[in-house]
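Shown next, in structure tokens, is the structure this report addresses.
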Amino acid sequence: MNSLEVITRPFLDQQPGTSGLRKKVEVFQQPHYLENFVQSIFNSLENYQGEVLVLGGDGRYYNRHAVQVILRMAAANGFAKVMVGRGGLLSTPAASCVIRKYGAFGGIVLSASHNPAGEQGDFGIKYNTGNGGPAPEHITAAIYAESRRINRYLTLDTADVDVDTPGCRQLGDLQIEVIDPVADYAELMQSLFDFDRIHALINSGLFRMRFDAMHAITGPYAVEILENRLGVTPDTLMNCEPKEDFGGGHPDPNLVYADELVEVMFASQAPDFGAASDGDGDRNMILGRNCFITPSDSLAVLAANAHLVPGYRQGIAGIARSMPTSQAADRVADKLGIELFETPTGWKFFGNLLDAGRVTLCGEESFGTGSNHVREKDGLWAVLFWLNLLAVRRESVSDIITSHWQSYGRNFYSRHDYEAVDADGAGQLMHRLRDLGPALRGTIYAGHEVAFSDDFSYTDPIDGSVSEHQGVRIGFSDGSRVVFRLSGTGTAGATLRIYLERYEADPSLQQLDAQRALADLIAIAEQIAQIRHHTGRDCPTVIT
Ligand code: G1P
Ligand code: ZN
């Protein structure tokens, strides 16, 4: 079968953000837009001819179309084989698992994570390398450079391929293997956690839980793992039927968007444990009865208890957290005598540390937790980790977190997001903070003295690459911090994120509500950054 060369012109807006290229569906629907980006990915790679590519996505609108486009282009560009999840589906962590397990050259993941889906929603595409992780910056930069000079792409003139029936078929010289999107991932989870013990807890009659897949990709994974293998009853699983528009919702597992689950977990007679995952299955939210565990605390608790879980019984090598994530995990690393790394926002920055064996657990405040088992954050993995802890410790979620704070102190933490604000205003705010920079040092705000202020820059300890302008940090002499940065995943205007953190060692003061405990810092953030003035908003859109 001859490949077809299609003449095209560059789109100048195909710069990958924090996690691949994300745009409105209608942007992707422009003729040649998707094809240009896919060819730009291939053009940025070397020696992929004859290799294996993994392909799948979160099932959102345009996923099915994009899968067919990519299969034809992979064939025309000379890949030997594509492993595609049945129905074009693979959660982000499952894609990572499959790339690693089968030694694939890389993978293409179709997802805009938790961003709303459907014809009016967002679509996204990202490239993962052979280690299963998101392409590092030098590759995303190369893809972007290719996208700005592309003038042709290769495809085939063929009918759609059946991706709904498992098994192998041919498309020209390309072999296509349609795989069960859940099986390899479920097997990996079973190898890490004590399923017998979790099964015993779930079936003890003393434990009730809820899992909310938010109409997105984790539905089938939850059915196989939680229901078929661990024995939860079907009514435990909420919204587990994936939909192309995610049921019209915003599948971001946080206190605002996962309100259906939050209501259940904060009712009287609430279940013992609640969890949710996002659009593509890499995020998680952990709740206990009337209790919310911040992702930063979750990372710290998992690290402190990892020895209780079979997959980590040998101990953990180190922990990495993104810069804005609270310093709760630092205290655990300190106590365990292991390394702690502070990286820029985005999972791709953990890849080198994981590959080099320097860290075992990683986490981001943005509801992302994971380990060296794959190279993406992993929602269901975090849920299973917590279930394993609960099964071993047989304590409530709130008792576990309270005793953790008693031992390590509590890092009160919150993130305030101002979504879809005017991009110029947000840019000016950041610009001003950068200008103020070191001059803030020594200034006292409401009794808090600024100890440092900088624009975070990271030098990768493994390959020496430098990433600058990763967010403005203002640190106070009592260890409190306020961090400002602009989102790299939004698709409308700009999203300003403000991260607030304060340490409290005294157990009698640790039960305060976080917003109250952080009230001083919230006021200081406004005073320094003039958020109202620059965003035209009185309050954040989302508080987590
Ligand atoms: C957000 C999160 C970040 C996460 C990314 C992809 O990026 O803040 O931690 O890695 O989504 O899930 P942001 O929009 O802040 O650039
Ligand atoms: Zn996601």
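FYI, side chains are in, hydrogens and waters are out, and symmetry mates aren't considered; it's all heavy atoms of this structure. Numbering of ligands and ligand atoms starts at 1, following listing order. Bear in mind that the values here come from a model prediction, so they are computed numbers and not experimental data.
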Are Y61 and F123 close enough that their ring centers fall under 6.0 Å?
no
For the aromatic rings, using the six-membered ring if either is Trp, is the centroid distance between H215 and F246 under 6.0 Å?
no
Considering only heavy atoms of [X], which atoms of ligand 1 have at least one such atom less than 4.0 Å away?
{"X": "T345", "value": "3 (C), 8 (O), 9 (O)"}
{"X": "R415", "value": "8 (O)"}
{"X": "G488", "value": "13 (P), 14 (O), 16 (O)"}
{"X": "K377", "value": "4 (C), 6 (C), 10 (O), 12 (O)"}

Please work out whether the ring planes of Y312 and F193 are parallel, tilted or perpendicular, with thresholds of 30° and 60°.
tilted
Hey, can you tell me if W381 and F385 have their rings parallel, tilted or perpendicular (30° and 60° cut-offs)?
perpendicular
For D280, what is the atom name of its N, O or S atom nearest to the Zn ion (ligand 2)?
OD1
Which atom of D282 is nearest the Zn ion (ligand 2), counting N, O or S only? It is OD1
Between ligand 1 and [X], can you find any atom pair, the residue atom being a heavy atom, that is separated by under 4.0 Å?
{"X": "G346", "result": "yes"}
{"X": "H114", "result": "no"}
{"X": "E419", "result": "no"}

Backbone or side chain, does D58 get an N/O/S atom under 2.8 Å to the Zn ion (ligand 2)?
no
Could [X] and [Y] be called an ion pair, given the rule that one side-chain N must be under 4.0 Å from one carboxylate O?
{"X": "D58", "Y": "R60", "result": "yes"}
{"X": "E342", "Y": "R473", "result": "yes"}
{"X": "D212", "Y": "R210", "result": "no"}

In Å and rounded to the nearest 0.5 Å, what is the CG to CD distance from L521 to Q527?
11.5 Å
Should the pair R481 and F452 be classed as cation-pi, given the thresholds of under 6.0 Å to the six-membered ring centre and 45° from the axis?
no
Just to confirm my output: which protein heavy-atom neighbour is closest to [atom], and how far is it?
{"atom": "atom 9 (O) of ligand 1", "result": "S366 OG, 2.5 Å"}
{"atom": "atom 10 (O) of ligand 1", "result": "E364 OE1, 2.7 Å"}
{"atom": "atom 7 (O) of ligand 1", "result": "T489 CG2, 3.5 Å"}

Rounded to 10 degrees, what angle sits at the Zn ion (ligand 2) between S113 OG and D278 OD2?
90°
What pair of heavy atoms forms the shortest contact from D297 to A328, and how long is it?
OD1-CB, 3.8 Å
Out of K348, E365, R283, R22, indicate the one that has the non-hydrogen atom closest to atom 1 (C) of ligand 1.
R283
